[in-house]
Amino acid sequence: MNCEPLNSPTLFWPKSRCRDSDVYQAARRVISDKHGEMPRVASNDLDMAEFFKAGPDTILYYPVFANSVGWWGELLGGGARVCDQLKISPECRLMAITGTQESPFAKATADRPAPKNQNLLFAAEIFPTPGFFKKLASVGATISDMLATESGTALALFSSKNQSKFQNFIESTGNFYLGCVGGY
């Protein structure tokens, strides 16, 4: 996608999903109500890194449908973070994604705590063993999503309130910590 500088909100809507559907229309209406203008629409050829490079002040709304896995995988290395989520229907939520320099969660690092009572989304590559999942609860983290890899590991998205505690746990179990991809 060739991205010119953007100032308006943008809705990512996959080409495989019908644009005449009630969910699509509701998503556009919710974004319009929030921003006072109709969103631009981007489709499957969206390059998130280029998108935020061209429009760093823009918010990208990304639909996550029930029983879909791996939506967050596009954020890894894309310089983006989830900053909000909006419920459109029982089958669909919109993730509001910003460039890292604009996100209120960009400042949440190991030496600076996240905003109080906010869950952050952390990605890690793990070896999925029963012992790992049992110990995970002791650090106050839950699994939000997982993607299997060809090497037998899993890329997993976790929700937790304490980045340093979570990162220390991941590294102590011999797994690879990929970083924070957002918050809600």
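For clarity, every value in this text was computed on a predicted model and none was experimentally measured.
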Would you check, one step at a time, whether the test side-chain contact (heavy atoms from CB on, under 4.5 Å) holds for Glu37 with Ile31? CA-CA 8 Å; Glu37 63 181 295; Ile31 295 168; over 6 Å; no
Would you give the length of the straight line joining atom CG of Leu155 to atom CG of Leu178, rounded to the nearest 0.5 angstrom? 6.0 Å
In terms of heavy-atom contacts, does CZ of Phe127 have more than 12 from other residues, nucleotides or ligands at under 6.0 Å? no
Between Glu125 and Asn175, is any pair of side-chain heavy atoms under 4.5 Å apart? no
Does any part of the side chain of Val41, heavy atoms only, come nearer than 4.5 Å to the side chain of Tyr24, both counted from C-beta? yes
In sequence, state the C-alpha distance, the side-chain angles, and the governing distance for Leu60 and Met48, and then conclude on side-chain contact (heavy atoms from CB on, under 4.5 Å). CA-CA 9 Å; Leu60 176 68; Met48 204 168 290; 3.9 Å; yes
Partner set under side chain to side chain donor-acceptor pair (under 3.5 Å) for Glu171, not counting sequence neighbours: Gln167
Value rounded to 0.5 Å, distance of SG in Cys180 from CD in Gln163: 5.5 Å
Check: Phe12 and Pro63 side chains under 4.5 Å, non-hydrogen atoms: yes
List, one per line, each side-chain donor-acceptor pair under 3.5 Å for residues 135-151, sequence neighbours excluded.
residue	atom	partner	partner atom	Å
Ser138	OG	Lys135	O	2.5
Asp145	OD2	Gly70	N	2.8
Asp145	OD2	Trp72	NE1	3.1
Thr149	OG1	Ser151	OG	3.1
Thr149	OG1	Thr153	N	3.2
Thr149	OG1	Thr153	O	3.0
Thr149	OG1	Thr153	OG1	2.7
Ser151	OG	Thr153	OG1	3.4

Would you say that Ile88 contacts Phe65 through its side chain, given a criterion of any heavy-atom pair below 4.5 Å between the two side chains? no
Partner set under side chain to side chain contact (heavy atoms under 4.5 Å, CB included) for Val64, not counting sequence neighbours: Tyr62, Ser68, Trp71, Met95
Is Asp84 salt-bridged to Lys34, cutoff N-O under 4.0 Å? yes
Pair Phe122, Ser160 - check side-chain contact (heavy atoms from CB on, under 4.5 Å), show working. CA-CA 8 Å; Phe122 302 104; Ser160 179; 3.8 Å; yes
Before giving the answer on ring pair (Phe, Tyr, Trp, His ring centres under 6.0 Å), spell out for Tyr177 and Phe169 the whole-Å C-alpha distance, their side-chain angles and the decisive distance to 0.1 Å. CA-CA 10 Å; Tyr177 176 69; Phe169 168 73; over 10 Å; no
Side-chain heavy-atom pair Tyr61, Leu86 within 4.5 angstrom cut-off: yes
For a 4.5 angstrom cut-off between non-hydrogen side-chain atoms, does Arg28 reach Leu11? yes
So do Val82 and Leu121 actually touch side chain to side chain, heavy atoms under 4.5 Å? yes
Could you tell me whether the side chain of Arg40 and the main chain of Pro9 form a donor-acceptor pair under 3.5 Å? no
Tell me, do Phe176 and Ile170 make a side-chain contact under 4.5 Å, heavy atoms counted? no
List the steps, then state whether side-chain contact (heavy atoms from CB on, under 4.5 Å) holds for Phe166 with Leu120. CA-CA 11 Å; Phe166 175 78; Leu120 295 177; over 6 Å; no
